[in-house]
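Just so you know, these numbers use all the heavy atoms, side chains as well, and skip hydrogens, waters and symmetry mates. Numbered from 1 within each chain, the chains take letters A, B, ... in sequence-line order.
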Amino acid sequence: MISGVLKLRMSKLLMPTLREVPAEAEIASHRLMLRAAMMRKVAAGIYSYLPLGFRVLQKIMQIVREEMDAAGGQEVLLPIVQPAELWHETGRWDDYGEEMFKLIDRHERQFCLGPTHEEITTALVRNEVRSYRQLPLMLYQIQNKYRDEIRPRFGVMRGREFIMKDLYSFDRDEEGLDKSYWTMFHAYERIFARCGLTTRPVEADSGAIGGDQTHEFMALADAGEAEIVYCSSCDYAANVEKAECLTPPAEPTGREEPLVEVATPDVRTIEDLEKFFNRPASEMIKTLIYRGGDQVVAAVLRGDHEVNEIKLARAIGCLEVELADDKTIEEVTGAPRGFAGPIGLKHCKIITDPAVMAIEGGIAGGNAVDVHLQGVKPGRDFVPDKVVDIRKAQPGDPCPCGKGVLQGARGIEVGQVFKLGTKYSEPLGATFTDEDGVERPLIMGCYGIGISRTMAAIIEQCHDDDGICWPISVAPYHVDIVPVSYRDEQQRTTAERIYRELTKAGVEAVIDDRDERPGVKFKDADLIGFPLRITVGPRGLADGQVEIRWRATGEEYLISLNEVVSHVQDRITRAIAESECVRTQ
RNA sequence: CGGGGCGUAGCGCAGUUUGGCUAGCGCGCCUGCCUUGGGAGCAGGAGGUCGGAGGUUCAAAUCCUCUCGCCCCGACCA
């Protein structure tokens, strides 16, 4: 067994590292995954994993597997190719739309490449689960997923093919679901901690998938695509898509300003207005015309605030809204884009954010070319159809808890937990029979982890100018043994001996037997990011020593030949144990 | 889908504006010598339908038309 392992030599390992940065890569993880020979691109958003990258993926998958099993999950493997009928049953064949990879077989039957597996799992369970005695049930798989993203980007971060762990829970009631939900929540905390990631669970919007409660696990990173806010004094943390806002405090001045028209040639944006009137954006009243379903609405916000389209959609009771086109704007406001205001709108509801109501002498569009109104007082000059929170939370806002202030951060969504309820079990007819012989729909939850995205997120958090610094738990190999010159007999035999003994001791080691100059081997070691490097060279050997160097900390020291194996084995074993010993709540 | 940009050797690029020698350079690759503590040096060599198709021309990487792919910004997004 060991002898087989020992055949792995760097001279034969497929690890074509790149000196130069591929032009297509923008962010660190993408760049480094290409440079360190973890993967290669096949098409936009589609990648092949090379031996080193695949080992990392397997490490992550193994951690996920262990924690899912420990939480009571049962692993299955569901198909990638899925029949259209199933998706018609839930209505998602159309809802998912363009993002679904669709295909047709030789009999003209329609299929898709699974973007997710609620339908398949629920269909499986409806056929096989009958009784409350079989519940709760948690099924999971680690499988490729396919989404024809409009714009794949950042390497594996937003790919069209990606690896995901998805678990589905089936409970008899809400209480059971709640239990499953928090079991998964805590398992996720353990998984990401074990992967060496700093993550933050945040409240999120449940989006098209539906359901009541959901948290996203965000790996904090500047390269992240998601914006989050969190409170400085309480536990509140949320995706800005969801984050609630308190109205910033405003003391009424009791000031009454008359409403006047002001000629504002070519002044359209909030920035223009600030300059023109020499007043802050917080005294501007911004009016955006939106279309949602058959409705046209005016979203009225303070000039320094941004609209949260999800909240707006909810406020008017539709699934999504989009900014109205120029024609609609003209019909509603009677003016071209840039001069909309809340006063005198035609055939359109006015939805106003509470922050606007505190403005006393605001500046708003005049619904006519080159005209703005000054001295606008909401309530006096226009009456909203609805006053409701429709703005995007931003750093500096008061936290809903009333005490703290919201801080901003960016994150990579590496996991999400959802309470689905009966959203899929009902349309698919997945039911069970309870003690009273009553047939009820299963109460479901679903829980995803982006495996490949997690790999990228780890690199975003763990790298420096020289390359990746893998946490020991996910490193492709623990130790890289580098003889300064493999041709030198003493160095070669010493390095080989250490390699053999470490491998026998269960330490994952590679030996760099390439006939390269030391600089090349050191650079590759740093780039690939092995946690530990053992250098076997003439300097140390003269005193019967080799050099130890830890990648992440730069810690460096000499150790004698007869201690090196036990020392390394000991430190590696301890480091692994530490990574596994994460706090449980 | 809208806006911008790019396709020339495995990677990074020059050449295209103003058509004209055998299409270049650096890195990598192969052979040999030499060298071995942070991406060495010398010598020799291989590797290209210049993304593809059509057109203009005596002549096209270069000009025109169409097409495909890729990247960035936006919209979009379990």
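We find that CE of A:M39 is positioned 14 Å from P of B:rC11, with the value rounded to whole Å. Rounded to an integer number of Å, the gap from NZ of A:K521 to C1' of B:rG38 is 12 Å. What separates CG of A:L34 from C1' of B:rC71 is a distance of 13 Å, to the nearest Å. Computed from coordinates, the A:Q491 CD to B:rU35 P distance equals 15 Å when rounded to whole Å. Following rounding to the nearest Å, A:Q416 (CD) and B:rC77 (P) show an atom-to-atom distance of 14 Å. Between the CD atom of A:E241 and the P atom of B:rC76 there is a distance of 10 Å, given to the nearest Å. Distance A:I27 CD1 to B:rC71 C1': 14 Å, rounded to the nearest Å. Protein atom CZ of A:F522 is 12 Å distant from nucleotide atom C1' of B:rG39, rounded to whole Å.
Ion pairing of A:D480 with A:R551 is absent here, as no side-chain N (NZ or NE/NH1/NH2) approaches a carboxylate O to less than 4.0 Å. At a threshold of 4.0 Å, the pair A:R549-A:E556 counts as salt-bridged, since one of the basic side-chain nitrogens sits closer than that to a carboxylate oxygen.
Contact annotation for A:G540: base contact, defined as any heavy-atom pair under 4.0 Å involving a base atom. When heavy atoms are screened at a 4.0 angstrom cut-off, A:R549 is found touching base atoms of the nucleic acid. Within the 4.0 angstrom heavy-atom criterion, only backbone atoms of the sugar-phosphate kind lie near A:E413; the bases stay farther away. Backbone-only engagement by A:E309 is indicated by non-hydrogen atom pairs under 4.0 Å involving sugar-phosphate atoms exclusively. Across all strands shown, A:G537 has heavy atoms under 4.0 Å from base atoms, whether or not it also approaches the sugar-phosphate. Across all strands shown, A:P538 has heavy atoms under 4.0 Å from base atoms, whether or not it also approaches the sugar-phosphate. At the heavy-atom level, A:V21 lies under 4.0 Å from the strands shown only through sugar-phosphate atoms. Contacts of A:R35 with the nucleic acid, taken as non-hydrogen atoms under 4.0 Å apart, include base atoms. No engagement by A:D488 is indicated, since no non-hydrogen atom pair under 4.0 Å with the nucleic acid exists.
Distances were taken from every side-chain heavy atom of A:R153 (C-beta onward) to each of B:rC72, B:rG39, B:rU36; the shortest belongs to B:rC72. Nearest nucleotide to the A:K523 side chain, out of B:rG38, B:rG37, B:rG12: B:rG38. The side chain of A:V520 sits closest to B:rA40 out of B:rC70, B:rA40, B:rG74. Nearest nucleotide to the A:P22 side chain, out of B:rG37, B:rG12, B:rC71: B:rG12. With B:rG38, B:rC11, B:rC70 as the candidates, the nucleotide lying closest to the side chain of A:A44 is B:rC70. Listed nucleotides: B:rC1, B:rC71, B:rG37. Nearest to the side chain of A:P518: B:rG37. Comparing B:rG37, B:rC27, B:rC72 by their nearest atom to the side chain of A:F154 picks out B:rC72. Picking from B:rG38, B:rC72, B:rG28 the nucleotide with the shortest atom distance to the side chain of A:E26 gives B:rC72. Taking the side chain of A:D515 as heavy atoms from C-beta on, and the options B:rC11, B:rG39, B:rU36, the nearest nucleotide is B:rU36.
Not one side-chain nitrogen or oxygen of A:R19 sits closer than 4.0 Å to the OP1 or OP2 atom of B:rG39.
Between the side chain of A:R533 and the base of B:rG38, a donor-acceptor pair under 3.5 Å is found. For A:E20 against B:rG26, a side-chain-to-base donor-acceptor contact under 3.5 Å is present. With hydrogens and angles ignored, no donor-acceptor pair closer than 3.5 Å exists between the side chain of A:R151 and the base of B:rG2. Under 3.5 Å, the side chain of A:R158 and the base of B:rC77 form at least one donor-acceptor pair of N or O atoms.
Under the 3.5 Å distance criterion, the side-chain polar atoms of A:R453 are matched with a main-chain donor or acceptor of A:M157. Without hydrogens or angle criteria, A:R40 side chain to A:L50 main chain gives no donor-acceptor distance under 3.5 Å. With A:Q416 contributing its side chain and A:T214 its backbone, the two residues share no donor-acceptor pair below 3.5 Å.
Nearest-nucleotide assignment on RNA chain B puts the 5′-proximal partner with A:V536, out of A:Y447 and A:V536. Nearer the 5' end of RNA chain B, as judged by each residue's closest nucleotide, is the contact made by A:T17, out of A:T17 and A:R160.
Just one of A:T17, A:I468, A:L527, A:I528 meets the side-chain contact (heavy atoms from CB on, under 4.5 Å) condition when paired with A:R35; it is A:L527.
Under the 6.0 Å cut-off for aromatic ring centres, A:F217 and A:F192 qualify, their centroids lying closer than that.
From A:I142, atom CD1 reaches atom CD1 of A:I449 across 8.5 Å, with rounding to the nearest 0.5 Å.
For the C1' atom pair drawn from B:rG47 and B:rG26, the interatomic distance equals 16 Å after rounding to whole Å.
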